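First comes the structure, then the notes that go with it.
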Amino acid sequence: SIKWKGNFDSPDKLTNPEYLWAYYNTTDGCSYIYDGENWTLLSAKGESGTGGIAYINYILNGGNFITTPTVSTTFGNTIDFIVPEKEHNTFDGWYLTENFSDEKITEILCDGKKTQINVYAKWIPDLLIKYELNGGSFSTTPVDYCKYGDEVSLTNIIPKKDNLVFEGWYTTSDLIDSKITKIEFSETVTQIILYANWIPITMENLQDYLSELTPNEVPYTLKLVGTINFNTLKTELCKLPENTYIDLILPNNITSIDDYIFDCCSCLKSITIPNTVTSIGTSFYGCTGLTEIVIPDGVLSIAEGAFDSCSNLKIVSIPKSITSIGVNAFCGCSNITQFIIDKDNSTYHSNTDGTAIIETATNTLIMGCYKTSIPDTITSIAPWAFIGCKELSSITIPASVTSIGSGAFQNCTYLESVTFEDPANWYETDNEDDFISKTNGISVDFSDPIRNVEILTMSGYFITDSFYKE
């Protein structure tokens, strides 16, 4: 603001002048103001209030200018105002009164009546939007303000929460009768709090949940409730982007997992099967994401080829209730290292290091892995017992073994030696009846461990020859 310094006969009497100092010159009868470099005419000699310069004092009320405004003009000229800025506010105009009681102005005329004019910036605060996510999170930062005159659509502001589906936004924490889909600006409200509502995943909203998932090393939990349409479930899972993994939890209203339900669903990292299930069909072919499978107590049977080609499966847990495991149930599961069999299972048990499934009544090894050491209690190796154990490099057949089923070592790519503790009196046949009766076979020499590999795997992809010992 202008600082009046009094009456002087010369500006030299005012030493070290400062910006907007003013004085009356008694010599020439004019008033002058210092503009920071020179003394300039403020009011000419003659009628009071005519001529001179008008200075504008901008009261920004927390705002700021992006470009430098005009701060003065000479008599008879006007100043056009520019628009300032203030974060999270909308500029509503310039006023001549501090309480904005007059009309807003866009320019001002220097009429010589005032040497200093105050103008006041009026602001309308943006509407602050706060989100109560109730355990959810945003993958990108949402809109958090609504400007004057605008509206914010909430249609695409969708948070995520593992294992639940976002149902909508509400303006009350009780989530009752207050659902909204857009926010409209209101000068009477300074902020609004939105509350996220979450609901369980059902077949009806499954697609909504899965469509929001993005590739992630940490699996998403998918816990389904209600009636399951497995065909739809498989279709939607197979649409997931590559490297998007799911921990699937099935509801306890199903009694069986039928054939082909999850074929080639590589997104499955784990599956929780309810104890209401009594049978597992040929259901999980090519589920390469599975690393462990826990069969719940209550399941009675695992079908042939149930987990065929689950190449990353490492650990299989079998409960006491299992009474039937089909041929090739774990065919092509080349990375299995452990079979955990409930000690109370009366049909199957494992060897001491848990690397094989053994049928207790017949002492038949029905499934092994590349770490298996065949115990000397085994009398028979079942067909395809080691099929696809690509990392199996060597194995010893104990003297107790008297039969080896067809394809027992099929596709054991890196098998280099098979040592028979008792290589004598072995016969080969491709006739199942002869194998069962142990007659009419062709004598075979199992004395050379390296040659034995060729004998046991020489029949190509579909190995039909079986071996028995008299």
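Start at 1 with the first residue, then count along the sequence. None of these values were measured; they are calculated from a predicted model.
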| Single hit among Phe100, Tyr58, Tyr120 for ring-ring contact (aromatic ring centres under 6.0 Å, His included) with Trp94 | Tyr58

| query | Is it the case that Asp353 and Asn351 place a side-chain donor and acceptor less than 3.5 Å from each other? | reply | yes

| task | Before accepting this row, confirm whether a basic side-chain N of the pair Lys320/Asp342 lies closer than 4.0 Å to the acidic partner's carboxylate O. | result | no

| Should the ring pair Phe330 and Phe307 be called parallel, tilted or perpendicular, given that the plane angle runs from 0 to 90° and is split at 30 and 60? | parallel

| Using 30° and 60° as the class limits, which term best fits the ring planes of Phe262 and Phe284: parallel, tilted or perpendicular? | parallel

| said: Just checking Asn156: does its CG atom have more than 12 heavy atoms from other residues, nucleotides or ligands closer to it than 6.0 angstrom? | reply: no

| task | Taking only Lys NZ, Arg NE, NH1 and NH2, and the carboxylate oxygens of Asp or Glu, determine whether Lys371 and Glu391 approach each other closer than 4.0 Å. | result | no

| query | Any chance OH of Tyr285 has more than 12 other-residue heavy atoms, nucleotides or ligands included, within less than 6.0 Å? | reply | no

| Side-chain H-bond candidate by donor/acceptor type, Thr377 with Asn363, under 3.5 Å | no

| field | Sidechain N-carboxylate O distance under 4.0 Å for Glu184, Lys182 | value | yes

| Can we say Asp247 and Lys269 salt-bridge, meaning some charged N sits less than 4.0 Å from an Asp/Glu carboxylate O? | no

| said: Could you check whether Asp422 pairs with Lys469 (Lys NZ or Arg NE/NH1/NH2 to Asp/Glu carboxylate O, under 4.0 Å)? | reply: yes

